[in-house]
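These notes concern the structure reproduced below.
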Amino acid sequence: MASNSVPSFLTKQEVYLFHAMDRKLYTILVILLCRDPVESMKVMALWLWLEKLGFRNVVKRMLALPLILINDSADETVTCLNAINGTLFSYLSESYDIPLLQAFMTREISVHFFYEHRLVAAMGIAEVGRDVCVKALSDIMAHAIERNNLAYQKATAANQSQGMLSPSNIRQQPPPVRRNEVPPQDRTMFVTFSKGYPVHEFEVIQFFTRLYGHCIESLQMQEVQPFEQALYARIVFYSANTVEAILNGMSKVKFTINGKHVWVRKYVARRTRAPSVPPMMWPQNL
């Protein structure tokens with residue numbers, strides 16, 4: 001959306017129609033990709049502020065990307081927001097490159113740019129957030145927050161009643177019955193979580209189900225003591241095509257589930273060593 005203000009004479013429905021592309025992109029961030037609603041509104045404000053500076057069609061270009069690249073672009077944008085907030089001290093480090101944003105922006109951009117202009121950027125993004133995002137996106141934010149709260153309450157209740165999450169509490173519909181000639185090891189992915197940012201089983205199922213439909217045959221979280229954090233999980237999908245779609249040619253990909261980073265790669269089973277053969281004890285009289 002080229003305009004970064006909402007005309008005061010518009011009704012609420014007209015505002016929503018006026019910012020239809022912005023609302024579509026924000027919905028992808030917080031509903032399909034399950035990103036943090038508040039953080040995602042700041043991401044949207046930064047993208048719209050860039051349009052105001054002359055970076056053409058940022059939102060339209062984002063919408064043309066596959067979901068995994070929209071998610072990665074949002075991650076890079078959070079890096080830019082951290083630079084603006086002054087929380088990214090080593091902003092010139094290569095680990096804070098933003099290659100995706102640099103690739104499809106119509107003008108040169110870098111983390112250094114945001115850090116050097118952080119005062120102007122902070123004021124401009126806050127203005128866009130107040131004048132556009134709050135008016136055009138607040139209803140979607142409220143829906144996403146309510147959904148996340150309900151999910152958290154569900155997880156808490158399951159923990160209190162069982163000491164662990166049960167998939168039966170999560171799946172609203174029975175999984176489809178399919179014949180599958182592809183071995184499970186070729187349809188399995190290994191998922192790792194960040195320590196200190198617990199991801200529950202229902203969140204993983206909900207995330208991949210939203211993206212790929214009823215695609216999960218089984219999910220096994222790391223076995224831990226009640227109320228301890230699982231750091232990894234194994235997912236068996238119904239189809240190996242889902243694994244290929246998730247990786248999209250990469251060996252490892254990163255997603256954000258409810259504001260928490262998870263890393264996904266193809267599962268490689270450990271090869272068990274063949275038992276060593278004891279030396280043959282020949283009879284002494286031979």
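Everything numeric in this text was worked out from a predicted model, so none of it was measured.
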Margin query: How long is the straight-line distance from CE of Met105 back to CG of Leu100, given to the nearest 0.5 Å?
Written below: 10.5 Å

Next item on the list: State yes or no: do Trp47 and Met123 share one hydrophobic cluster built from I, L, V, M, F, W and Y residues joined by side-chain heavy-atom distances below 4.5 Å, directly or via other members?
Entry: no

Notebook entry, point to check: CE of Met62 to CZ of Phe104: how many Å apart, nearest 0.5 Å?
Noted result: 3.0 Å

Note to self: Evaluate Glu76 against Gln102 for side-chain contact (heavy atoms from CB on, under 4.5 Å), listing each step before the verdict.
What the structure shows: CA-CA 10 Å; Glu76 290 186 2; Gln102 290 171 338; over 6 Å; no

Checklist line | Distance, nearest 0.5 Å, that separates OG of Ser218 from CZ of Arg187 | finding: 8.5 Å

Check: Quick check: are there more than 12 heavy atoms from other residues, nucleotides or ligands sitting under 6.0 Å from CD of Glu228?
Finding: yes

Next item on the list: Under the side-chain contact (heavy atoms from CB on, under 4.5 Å) rule, what do Ile216 and Val236 come out as? Steps first, then yes or no, please.
Entry: CA-CA 6 Å; Ile216 297 177; Val236 180; over 6 Å; no

Margin query: Quick check for you: to the nearest 0.5 Å, what is the distance between Asn248 atom CG and Leu69 atom CG?
Written below: 7.0 Å

Margin query: Distance check, rounded to the nearest 0.5 Å: Ile125 atom CD1 versus Lys52 atom NZ?
Written below: 11.0 Å

Next item on the list: Could you tell me which non-hydrogen atom of Lys42 sits nearest to which non-hydrogen atom of Leu81, and how far apart they are?
Entry: CB-CD1, 3.9 Å

Notebook entry, point to check: Taking the six-membered ring of Phe55, is NZ or CZ of Arg107 closer than 6.0 Å to its centre and within 45° of its axis?
Noted result: yes

Checklist line | Donor-acceptor contact present, side-chain Glu146 to main-chain His143, <3.5 Å | finding: no

Next item on the list: Give a yes or no on whether His261 atom NE2 has more than 12 heavy-atom contacts from other residues, nucleotides or ligands under 6.0 Å away.
Entry: yes

Next item on the list: Indicate if Leu63 and Leu211 have the same hydrophobic cluster label, given that clusters are the connected sets of ILVMFWY residues with side-chain heavy-atom separations under 4.5 angstrom.
Entry: yes

Next item on the list: Tell me, with the steps shown, if Phe114 and Ile109 meet side-chain contact (heavy atoms from CB on, under 4.5 Å).
Entry: CA-CA 8 Å; Phe114 290 103; Ile109 196 170; 3.5 Å; yes

Margin query: I need the minimum non-hydrogen distance between Ser194 and Trp263, along with the two atoms involved.
Written below: OG-CZ3, 3.1 Å

Check: Minimum heavy-atom separation for Ser73 to Leu65, with atom names?
Finding: OG-CD1, 4.0 Å

Notebook entry, point to check: Among Asp75, Val78, Asp72, Asp36, which one satisfies side-chain contact (heavy atoms from CB on, under 4.5 Å) with Thr256?
Noted result: Asp75

Check: Any salt bridge between Arg56 and Glu51, counting N to O under 4.0 Å?
Finding: no

Item checked: Gln229 side chain to Gly196 backbone, donor-acceptor under 3.5 Å -> yes

Next item on the list: Not counting sequence neighbours, which residues clear ring pair (Phe, Tyr, Trp, His ring centres under 6.0 Å) with Tyr197? List them please.
Entry: none

Note to self: With a 4.5 Å cut-off on side-chain heavy atoms, are Ile235 and Phe190 touching?
What the structure shows: no

Check: So, for Phe193 and Tyr232, is the gap between ring centers shorter than 6.0 Å?
Finding: no

Checklist line | Closest contact, heavy atoms only, Cys80 versus Leu101 | finding: SG-CD1, 4.1 Å

Next item on the list: Measure across Gln222 and Leu231 and return the closest heavy-atom pair with its distance rounded to 0.1 Å.
Entry: OE1-N, 2.7 Å

Notebook entry, point to check: Does Lys60 pair with Asp22 as a salt bridge, N-O distance under 4.0 Å?
Noted result: no

Check: Can you list the steps and then say if Leu25 with Ile70 is a side-chain contact (heavy atoms from CB on, under 4.5 Å)?
Finding: CA-CA 9 Å; Leu25 183 54; Ile70 293 176; 4.1 Å; yes

Check: Taking side chain as C-beta onward, heavy atoms only, is Asn71 less than 4.5 Å from Leu67?
Finding: no

Check: Parallel, tilted or perpendicular: which describes the rings of Phe208 and Phe237, with under 30° parallel and over 60° perpendicular?
Finding: perpendicular

Checklist line | Side chain Tyr115, main chain Asn82, donor-acceptor under 3.5 Å | finding: no

Under 3.5 Å, side-chain donor or acceptor atoms of residues 27-34 against the rest of the protein: list the pairs with distances, not counting sequence neighbours.
from: Thr27; atom 1: OG1; to: Arg23; atom 2: O; distance (Å): 2.7

Check: If every non-hydrogen atom of Ala83 is compared with every non-hydrogen atom of Arg118, which pair is closest and at what distance?
Finding: O-CD, 3.9 Å

Note to self: With side-chain contact (heavy atoms from CB on, under 4.5 Å) as the test, pick out the partner of Ile246 among Lys266, Arg265, Met189.
What the structure shows: Met189

Notebook entry, point to check: Atom CE of Met21 and atom NE2 of His19: how far apart are they, to the nearest 0.5 Å?
Noted result: 10.5 Å

Note to self: Does the structure place the NZ or CZ of Arg234 under 6.0 Å from the centre of the six-membered ring of Tyr267, at an angle of no more than 45° from the ring's axis?
What the structure shows: yes

